[in-house]
Amino acid sequence: MMFRENFEKKVRDTIKKYGLCSKKDKIIVACSGGKDSTTVLYLLKKFGYDAEALIIDLLIGKWSEKNLKNLKGFCGEHNIKLNVVNMREEIGYSVCYIRSGIQAKTKFSNCMICGVIKRWILNKKARELKADKLATGHNLDDESENILMNTFKGNPELGINLGPKTGIVMDKKFVQRIKPLYFCSNKEIMKYSKSMKFPVLYEPCPCSVSTFRRNIRERISEIEKISPRIKLNIVNNFLRVLPVLRNQYKSNTKLRYCDYCGEPCRKEVCKKCELIKILLR
Ligand code: SF4
Ligand SMILES: [Zn+2]
C-alpha cells in the first residue's frame, strides 16, 4: 500500500514541479497497451485531469492485436475515451512493410523508422483531437539511456528535445509532449502495474532489436549494481545542463512546415516524408 502511495506521489510531484499540465488542459495519452502508458493514463485520470487515450495500431501481428484488445478493455472499465489510428489507413502501409522496404536500401533500425512514423502520427492526431498536451510513458530508464546514447553519438544538440516536457519551440501545429513518469524507473512501474493488475503485456515488442540501446542498457545495469542511483544521477545532471543546451541551440531549432505533408519540422521535408521517399524510390 505504502509503495503505491509513494509512487503516485512521485508522479504527482513531477507534474507539479515541472508544470507538465493543468486541469484546464485536454491531454491525449499516447498508449501502446504496455505498462508505462497505461499507468500514465490511469494516473492522469485518477488525479482528475481531462485525459483520453490514443493508440496507433501498428499492425505488428498478434502483439498489436493483444495490446489493442487490452487497452479497449481497460478504457471501457475506467470510462476513458479511446481513439484508435490504423497505421495503414493513416500512412498507406503497415509499419512492417515500410521497414522492410526502407531497410532494403538503408541501415536504419526498426525503432528509428517506427519511432519517426509514430511521432508524426501522434502529433497530427493529438492536434486534430484539439489536445493541449501529448503525454507519453517515457520513464527514467528510457531517459537515462537516451542521454547516454546522445552523449556517445557525440551530438549534444540531440538532447534539446529531451526533459520532462518539450518546449524549446512553440508552434500552433506542434502539441507539447510531457512525460509524467520521468523519474519512475522501469522496475517501479512494473511493480505498480502488477500490483494494480493492469491488463497489459509485459513482453517487449517483437521488433525491438536496437543493439545500441541494448548495449547502453546493459552497461547502465552493471554500474547500477555498485551505484544504485546512477539513472537518477544521469538524468539530474542532464537537467542541470538542459537550459544551457536549449539556449545554445535555440537558433538552429526554428520550425517550418514540411513541403509534402505540411506538418511541423526543421528542414524542407519532415523525417516521415523522407522515409516514405526512400521507400518509394
Ligand atoms: S519497440 Fe521499436 S519497433 Fe517496437 S513499437 Fe517501439 S519503436 Fe516501434
Ligand atoms: Zn512531411
Side-chain angles (χ1 to χ4, degrees), residues 29-38 40 53-71 84-88 90-103 106-128 134 136-139 141-143 145-146 149 161-162 171 173-175 177 179 181 186 189 200-217 254-281:
V29 182
C31 291
S32 63
K35 69 182 190 322
D36 305 281
S37 49
T38 303
V40 171
L54 169 62
I55 187 169
I56 305 172
D57 185 355
L58 294 170
L59 307 164
I60 306 180
K62 289 263 172 287
W63 187 77
S64 290
E65 280 170 25
K66 278 191 208 157
N67 278 316
L68 187 56
K69 187 166 172 265
N70 283 343
L71 188 64
V84 183
V85 179
N86 181 291
M87 179 85 183
R88 204 175 280 121
E90 195 58 39
I91 303 276
Y93 315 93
S94 73
V95 79
C96 299
Y97 180 86
I98 297 177
R99 256 193 344 241
S100 54
I102 291 174
Q103 286 173 339
T106 70
K107 288 196 165 144
F108 296 158
S109 72
N110 285 356
C111 293
M112 181 267 170
I113 298 168
C114 180
V116 164
I117 292 177
K118 279 197 306 191
R119 273 196 298 279
W120 184 91
I121 297 178
L122 287 173
N123 185 65
K124 182 166 173 281
K125 282 288 152 191
R127 191 181 66 240
E128 286 170 9
L134 176 63
T136 65
H138 285 96
N139 63 36
D141 293 54
D142 302 322
E143 190 76 349
E145 288 162 17
N146 288 338
M149 283 164 75
N161 291 320
L162 298 180
D171 183 272
K173 288 186 107 177
F174 187 70
V175 183
R177 289 196 299 271
K179 301 173 189 167
L181 302 183
N186 205 33
I189 301 165
V200 298
L201 288 183
Y202 290 98
E203 64 216 57
C205 161
C207 304
S208 125
V209 289
S210 165
T211 45
F212 187 33
R213 182 177 289 277
R214 202 167 47 224
N215 270 331
I216 300 273
R217 188 173 299 160
K254 286 211 172 53
L255 277 192
R256 43 165 294 147
Y257 302 116
C258 172
D259 288 350
Y260 288 82
C261 67
E263 286 300 300
C265 61
R266 302 224 158 87
K267 298 186 180 157
E268 291 85 41
V269 180
C270 76
K271 288 185 181 163
K272 173 267 199 185
C273 290
E274 283 288 357
L275 288 180
I276 301 297
K277 268 170 69 184
I278 296 173
L279 177 72
L280 301 178
R281 104 180 151 206

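Everything numeric here is computed off the predicted structure, so don't read it as measured data. Note: hydrogens, waters and symmetry copies are ignored here, and every other heavy atom, side chains too, is used. Counting convention: from 1, in listed order, for ligands and their atoms alike.
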Checking only N/O/S atoms, does Cys114 have one that is under 2.8 Å from atom 8 (Fe) of ligand 1?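 True for Cys114.
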
### Query
Going by distance alone, is a donor N or O of one side chain under 3.5 Å from an acceptor N or O of the other, for Lys35 and Asn186?
yes

For Cys207, the ligand 1 atoms with a heavy-atom partner under 4.0 Å come out as 3 (S)

Measure the distance from [atom] to every protein heavy atom, then report the residue, atom name and distance (to 0.1 Å) of the closest one.
atom                    : answer
atom 6 (Fe) of ligand 1 : Lys118 NZ, 3.4 Å
atom 4 (Fe) of ligand 1 : Cys205 SG, 2.3 Å
atom 1 (S) of ligand 1  : Ser208 CB, 3.4 Å
atom 2 (Fe) of ligand 1 : Cys111 SG, 2.3 Å

> Does NZ belonging to Lys69 count more than 12 external heavy atoms closer than 6.0 Å?
Replying inline: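 Atom NZ in Lys69 is not crowded, with 12 or fewer foreign heavy atoms closer than 6.0 Å.
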
Near Lys271 NZ, under 6.0 Å, is it more than 12 heavy atoms from other residues, nucleotides or ligands? no

Met87 vs Ile121, test: side chain to side chain contact (heavy atoms under 4.5 Å, CB included). Steps then yes/no.
CA-CA 9 Å; Met87 179 85 183; Ile121 297 178; 3.9 Å; yes

**Message:** What's the separation between atom NZ in Lys277 and atom CD in Glu274, rounded to the nearest 0.5 Å?
**Reply:**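 Lys277 atom NZ to Glu274 atom CD measures 4.5 Å (nearest 0.5 Å).
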
**Item:** Trace of the salt bridge (Lys or Arg N to Asp or Glu O under 4.0 Å) decision for Arg119 with Glu263
**Value:** CA-CA 11 Å; Arg119 273 196 298 279; Glu263 286 300 300; over 6 Å; no

Honestly, for Leu58 the part within reach of ligand 1 (heavy atoms, under 4.0 Å) is side chain

